[in-house]
Amino acid sequence: QVQLAESGGGLVQAGGSLRLSCAASGSIFSINAMGWYRQVPGKQRELVAAITSDGTTNYADSVKGRFTISRDNAKNTVYLQMNSLKPEDTDVYYCRVDGYSDYRRVFRSWGQGTQVTVSS
């Protein structure tokens, strides 16, 4: 079983910055993709940013140039540096990790979500 611990959300003024962290722990053999998603009320979760094991990144058009995703493989941790935040970035952000467990089984784990609120 793989657990995710998120941190770093909060309240910030427009134009400010926040850094989200998500650490994976438990029965992990290897981690493939790590990513951040957000969920607009009434809609499905949408990708904000993702990073693969070889460092390839993918961003939603709305955050390109403002957000940066990175990972520390030694710590099984993914980060999301959010700069130039806008009120429309307000949402609950969820971490997702895909990989293989110690039993070589595929897993996909979600974090509990962390609130990001950007005031105008």
Side-chain angles (χ1 to χ4, degrees):
Q1 192 171 3
V2 177
Q3 298 82 35
L4 302 183
E6 300 174 358
S7 62
L11 172 64
V12 65
Q13 289 187 333
S17 299
L18 284 174
R19 189 190 194 211
L20 306 183
S21 299
C22 173
S25 62
S27 302
I28 299 171
F29 173 72
S30 66
I31 292 177
N32 299 331
M34 308 179 84
W36 291 93
Y37 293 72
R38 59 191 180 191
Q39 185 160 21
V40 178
K43 297 184 179 180
Q44 291 184 338
R45 290 178 186 176
E46 60 180 23
L47 173 72
V48 175
I51 184 168
T52 63
S53 57
D54 65 359
T56 301
T57 57
N58 184 32
Y59 294 94
D61 289 341
S62 60
V63 306
K64 286 180 180 177
R66 300 188 298 121
F67 291 9
T68 303
I69 190 170
S70 60
R71 60 190 281 174
D72 184 333
N73 292 327
K75 296 181 179 180
N76 290 336
T77 299
V78 62
Y79 306 96
L80 185 67
Q81 178 66 44
M82 304 186 293
N83 298 330
S84 301
L85 282 161
K86 304 175 181 179
E88 51 263 43
D89 294 319
T90 295
D91 215 323
V92 179
Y93 286 71
Y94 296 89
C95 172
R96 193 184 93 179
V97 174
D98 298 339
Y100 292 93
S101 70
D102 284 347
Y103 300 99
R104 306 305 189 263
R105 293 178 181 174
V106 174
F107 75 83
R108 169 170 291 176
S109 293
W110 287 93
Q112 78 281 4
T114 185
Q115 177 70 46
V116 171
T117 302
V118 185
S119 63
S120 58

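Every heavy atom of this structure was used, including side-chain atoms; hydrogens, water molecules and symmetry mates were not.
In terms of heavy-atom proximity, Cys95 sits nearest to Val78 at SG-CG1, 3.8 Å. Here the closest non-hydrogen pair linking Ile31 and Ala24 is CD1-CB, 4.1 Å. Residues Trp110 and Arg45 approach most closely at CE3-NH1, 3.0 Å, considering heavy atoms. Nearest heavy-atom pair across Gln39 and Lys43 is NE2-O, 3.4 Å.
Rounding to the nearest 0.5 Å gives a distance of 7.5 Å between CG of Leu4 and CE of Met34. To the nearest 0.5 Å, the span separating CH2 on Trp36 from CG on Leu20 amounts to 4.5 Å. Atom CZ in Phe107 sits 5.0 Å away from atom CD1 in Ile28 (nearest 0.5 Å). Taken from CZ in Arg19 to OG1 in Thr68, the straight-line distance is 10.5 Å, to the nearest 0.5 Å. The distance from the OG atom of Ser25 to the NZ atom of Lys75 is 14.5 Å, given to the nearest 0.5 Å. The OG atom of Ser27 sits 10.5 Å away from the CZ atom of Arg105 when rounded to the nearest 0.5 Å.
Two residues are said to be in side-chain contact when any heavy atoms from C-beta on lie closer than 4.5 Å; Ser17 and Gln81 meet this criterion. Taking the side chain as every heavy atom from C-beta outward, Gln44 and Glu46 never approach each other to under 4.5 Å. Using a 4.5 Å cut-off on side-chain heavy atoms (C-beta onward), Tyr79 and Asp72 make contact.
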Side chain to side chain contact (heavy atoms under 4.5 Å, CB included) between Met82 and Arg66, worked out: CA-CA 6 Å; Met82 304 186 293; Arg66 300 188 298 121; over 6 Å; no
Candidate pair Leu85 and Phe67, rule side chain to side chain contact (heavy atoms under 4.5 Å, CB included), full reasoning: CA-CA 9 Å; Leu85 282 161; Phe67 291 9; 3.7 Å; yes
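Between Lys64 and Asp61, at least one side-chain nitrogen of the basic residue sits less than 4.0 Å from a carboxylate oxygen of the acidic one, meeting the salt-bridge criterion.
Proximity of a side-chain donor or acceptor of Tyr59 to a complementary backbone N or O of Ile69 within less than 3.5 Å is detected. Checking side-chain atoms of Arg38 against main-chain N and O of Thr90 turns up no donor-acceptor pair under 3.5 Å.
Val92 and Val97 are not part of a single hydrophobic cluster, where members link through side-chain heavy atoms under 4.5 Å apart. Under the 4.5 Å side-chain contact rule for hydrophobic residues, Ile51 and Val2 share a cluster. The hydrophobic clustering, which links ILVMFWY residues whose side-chain heavy atoms are closer than 4.5 Å, places Val63 and Tyr94 apart.
A donor-acceptor pair shorter than 3.5 Å cannot be found between the side chains of Asn32 and Ser53.
In this structure, Val106 shares a hydrophobic cluster with Phe29, Tyr100, the cluster being traced through Ile, Leu, Val, Met, Phe, Trp and Tyr side chains under 4.5 angstrom apart.
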Just distance, no hydrogens or angles: give the donor-acceptor pairs under 3.5 Å from side chains in residues 113-120, sequence neighbours left out.
from: Thr114; atom 1: OG1; to: Gly9; atom 2: N; distance (Å): 3.3
from: Gln115; atom 1: NE2; to: Asp91; atom 2: O; distance (Å): 3.3
from: Gln115; atom 1: NE2; to: Thr117; atom 2: OG1; distance (Å): 3.3

